[in-house]
2 protein chains.
Amino acid sequence: MQAVPGYGQFCPVAKAMELLDERWTLLVVRELLMGSRHFNDLRRGVPRISPALLSKRLRTLMQAGVIERRDHGGRIAYVLTDAGRELRPVVEALGCWGARWIPELGDEDLDPHLLLWDVHRNLDLDAMPGGRTVLAFRFSGVPRAVASWWLVVDAEGVDVCDTDPGHDVTLTVTTPLRTLVDLWRGQSDWSGAVRDGLVVDGPAWARRALPRWLRLSAFATVPRPAAAATGAV
Amino acid sequence: MQAVPGYGQFCPVAKAMELLDERWTLLVVRELLMGSRHFNDLRRGVPRISPALLSKRLRTLMQAGVIERRDHGGRIAYVLTDAGRELRPVVEALGCWGARWIPELGDEDLDPHLLLWDVHRNLDLDAMPGGRTVLAFRFSGVPRAVASWWLVVDAEGVDVCDTDPGHDVTLTVTTPLRTLVDLWRGQSDWSGAVRDGLVVDGPAWARRALPRWLRLSAFATVPRPAAAATGAV
DNA sequence: CAGTATCCATTTCGATACTG
DNA sequence: CAGTATCGAAATGGATACTG
């Protein structure tokens, strides 16, 4: 029989990993820490998980006391418990390590939908003008179907669209997908992104403001290790 | 095809977990951080891993740049790289979380061999007398074959024995296995352990010194959450 | 919106035995 | 000591379709 699911260790690291080393689990926790609460929001933040598996992971996390399921008048919300909130240091340590030591991304890691979802959550609404602001993104080097995106910002909040919402566009960002991902991750700054093909079209006041509107990943500021001896300048 | 092994995300947490969420991986890293360097030492610290799987995990960790394989005159050593050493905060965060939020242990988690292996690594040799010291452990409530253990401390270092080494015994610790595990993990202190059936036999000077010799898990001092509302006193 | 149900290809892993 | 070889049982989880 191979029916021993756990590690058979009393070590707290092992006991923690029995729960957390299952595929997807910590990414779901990350999304909850980022503020997602509803099933379909979680799916957006963890796009490749199947609904069945997300459902299973949520059940496991509930059993473990990491989250609670709440019914707010028909709307289901998953909220972190104290135990769940205390996973933030774990996720942060993993993210810092990943940012430092796994800089290379495969093409399959460059998910435009996820990128826009992340960006939309981090827009600095206070820095943006009143009324409606529309940011258009056009990615080069990706299939037509996922090349055009819009962020519509108004009093209601922020909407991510993959079809033209029809409003006047404030700024258009045209860029290789990888360039914007590198910027988001802090592997390049704005001037580096421009060197790598990012172009912003629109009125000067908005072009100048964009770097304040579009805040970057929480891990963008993690200091990177010095280049290895083999390495680049 | 389900041939996408990774998460398809550029998030540093996801990239880190692509490597680290594989079963056993982080426990191997934990052992390396604790000072193990050789294949069979790692097996002792991660008892239930099969040699084939350990070998595979080591290869993966090498490819990821977390460890290096060194041949010191026929003796193979696995040593952490900078990237590997920087996993310490990850392991610590996991251990702290596990110590706080997964206090319950199943009987299958109470591995006496692993306990002695951990204890032997943490003995405070400087606090122990010169010459040879022998600590005998007798666990109640476990199969005869794994009930008796000896730690032999001398100038050579510390040996873990599961058969009587034949030396004079300095102290004999008789205890339910779970009691000593709880003590090791910091879920009880010495007086609590004595209440839970731990008995130390031997000369008074040695009995008094034992708590200084036998240091506890690095996670023993993690503060535990206050009892829940349902809870105990 | 918030999930279930089903299916099976694929992978994983544990057990065991063996080797230079 | 430091692994490799082989095997098959079991679980995983991805794809897809469907439901209250």
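The sequence lines fix the lettering, A, B, ..., with proteins before strands; numbering per chain opens at 1. When reading the values below, keep in mind they use all heavy atoms of this one structure, side chains included, and skip hydrogens, waters and symmetry mates.
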Undergrad: Using a heavy-atom distance cut-off of less than 4.0 Å, which residues of residues 53-64 of chain A contact DNA chain C?
TA: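 A:Ser55, A:Arg59 - these, ordered by number, are the residues of the stretch whose heavy atoms sit under 4.0 Å from the strand.
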Undergrad: Applying side-chain hydrogen bond (donor to acceptor under 3.5 Å, both in side chains), which residue pairs with at least one partner in residues 117-133 of chain B are found, sequence neighbours left out?
TA: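 Sorted result for residues 117-133 of chain B: B:Glu31-B:Arg121, B:Ser36-B:Arg121, B:Asp118-B:Arg121, B:Arg132-B:His167.
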Undergrad: Are any of A:Arg23's side-chain N or O atoms less than 4.0 Å away from OP1 or OP2 of D:dG14?
TA: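 Indeed, a polar side-chain atom of A:Arg23 lies that close.
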Undergrad: Under the criterion side chain to side chain contact (heavy atoms under 4.5 Å, CB included), which of B:Leu61, B:Leu32, B:Val66 is the partner of B:Leu87?
TA: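 The residue from B:Leu61, B:Leu32, B:Val66 that satisfies side chain to side chain contact (heavy atoms under 4.5 Å, CB included) with B:Leu87 turns out to be B:Val66.
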Undergrad: Within less than 4.0 Å of OP1 or OP2 of C:dT12, is there a side-chain N or O belonging to B:Trp24?
TA: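 B:Trp24 to C:dT12 OP1/OP2: no side-chain N or O under 4.0 Å.
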Undergrad: Measure the distance from CD1 on B:Ile76 to C1' on C:dG20 and round it to the nearest whole Å.
TA: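 For the pair B:Ile76 CD1 and C:dG20 C1', the rounded distance is 13 Å.
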Undergrad: Ignoring backbone atoms, test whether B:Tyr78 places a side-chain nitrogen or oxygen under 4.0 Å from the OP1 or OP2 oxygen of D:dG3.
TA: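 Yes, such a contact exists.
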Undergrad: Fill in the dot-bracket string of DNA chain D, one character per base: . for unpaired, | for a pair to another strand, ( ) or [ ] for pairs within the strand, taking Watson-Crick or G-U pairs under 3.5 Å.
TA: ||||||||||||||||||||
Undergrad: Checking A:Ser217 side chain against A:Phe219 main chain: does a donor-acceptor pair fall under 3.5 Å?
TA: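 Yes.
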Undergrad: Check side-chain hydrogen bond (donor to acceptor under 3.5 Å, both in side chains) between B:Arg178 and all other residues, then give those that pass, not counting sequence neighbours.
TA: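 With sequence neighbours excluded, B:Arg178 shows a side-chain hydrogen bond (donor to acceptor under 3.5 Å, both in side chains) to B:Asp107, given in chain and number order.
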Undergrad: Looking at B:Arg75, I'd like to know whether one of its side-chain N or O atoms comes within less than 4.0 Å of OP1 or OP2 on D:dA2.
TA: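 Yes, because at least one side-chain N or O of B:Arg75 sits under 4.0 Å from OP1 or OP2 of D:dA2.
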Undergrad: Going by the rule side-chain hydrogen bond (donor to acceptor under 3.5 Å, both in side chains), which residues pair with B:Arg57 if we only count those two or more places apart in sequence or in a different chain?
TA: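 So B:Arg57 forms a side-chain hydrogen bond (donor to acceptor under 3.5 Å, both in side chains) with B:Thr25.
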Undergrad: At their closest point, which heavy atom of B:Ala77 faces which heavy atom of B:His72, and how far apart are they?
TA: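 Of all heavy-atom pairs spanning B:Ala77 and B:His72, the closest is CB-ND1, 3.9 Å.
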Undergrad: Any pair with a residue in residues 66-84 of chain A that passes salt bridge (charged side-chain N to carboxylate O under 4.0 Å, His left out), sequence neighbours left out, goes on the list, sorted by first then second residue, please.
TA: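 Pairs touching residues 66-84 of chain A that pass the test: A:Glu68-A:Arg70, A:Asp82-A:Arg85.
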Undergrad: Would you check, one step at a time, whether the test side chain to side chain donor-acceptor pair (under 3.5 Å) holds for A:Ser148 with A:Arg138?
TA: CA-CA 5 Å; A:Ser148 295; A:Arg138 315 209 106 245; 2.7 Å; yes
Undergrad: Test of understanding: with side-chain hydrogen bond (donor to acceptor under 3.5 Å, both in side chains), list the residues that count as partners of B:Trp101, not counting sequence neighbours.
TA: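 So B:Trp101 forms a side-chain hydrogen bond (donor to acceptor under 3.5 Å, both in side chains) with A:Glu86.
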Undergrad: Using distance only, find each side-chain donor-acceptor pair of residues 153-165 of chain B under 3.5 Å and give its atom names and separation, not counting sequence neighbours.
TA:
{"from": "B:Asp154", "atom 1": "OD1", "to": "B:Glu156", "atom 2": "N", "distance (Å)": "2.8"}
{"from": "B:Asp154", "atom 1": "OD1", "to": "B:Gly157", "atom 2": "N", "distance (Å)": "3.4"}
{"from": "B:Asp164", "atom 1": "OD1", "to": "B:Gly166", "atom 2": "N", "distance (Å)": "2.7"}

Undergrad: For B:Arg43, what residues pass the salt bridge (charged side-chain N to carboxylate O under 4.0 Å, His left out) criterion, not counting sequence neighbours?
TA: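 Expected list: none.
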Undergrad: Give, ordered by number, those residues of residues 28-47 of chain A having at least one heavy-atom distance below 4.0 Å to an atom of DNA chain C; if nothing qualifies, reply none.
TA: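 Within residues 28-47 of chain A, the residues near DNA chain C are A:His38, A:Phe39, A:Asn40.
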Undergrad: Consider the side chain of A:Ala52, meaning its heavy atoms from C-beta on, and name the nucleotide among D:dT4, D:dA15, C:dG3 that approaches it most closely.
TA: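 Of all the options, the side chain of A:Ala52 is nearest to D:dA15.
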Undergrad: Starting at CD1 of A:Ile49 and ending at C1' of C:dG3, how long is that distance when rounded to a whole Å?
TA: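 Spelled out: CD1 on A:Ile49 to C1' on C:dG3 is 13 Å.
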Undergrad: Taking DNA chain C as the partner, which of residues 12-22 of chain B come within under 4.0 angstrom of it by heavy atom?
TA: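 Under 4.0 Å from DNA chain C: no residue of residues 12-22 of chain B.
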Undergrad: Sort and list the pairs that fulfil ring-ring contact (aromatic ring centres under 6.0 Å, His included) and have at least one residue in residues 15-61 of chain A, not counting sequence neighbours.
TA: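 Qualifying pairs: A:Trp24-B:Tyr7.
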Undergrad: Assess whether a salt bridge exists between A:Lys15 and B:Asp109, defined as any Lys/Arg side-chain N lying under 4.0 Å from an Asp/Glu carboxylate O.
TA: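 Looking at A:Lys15 and B:Asp109, the cut-off is met.
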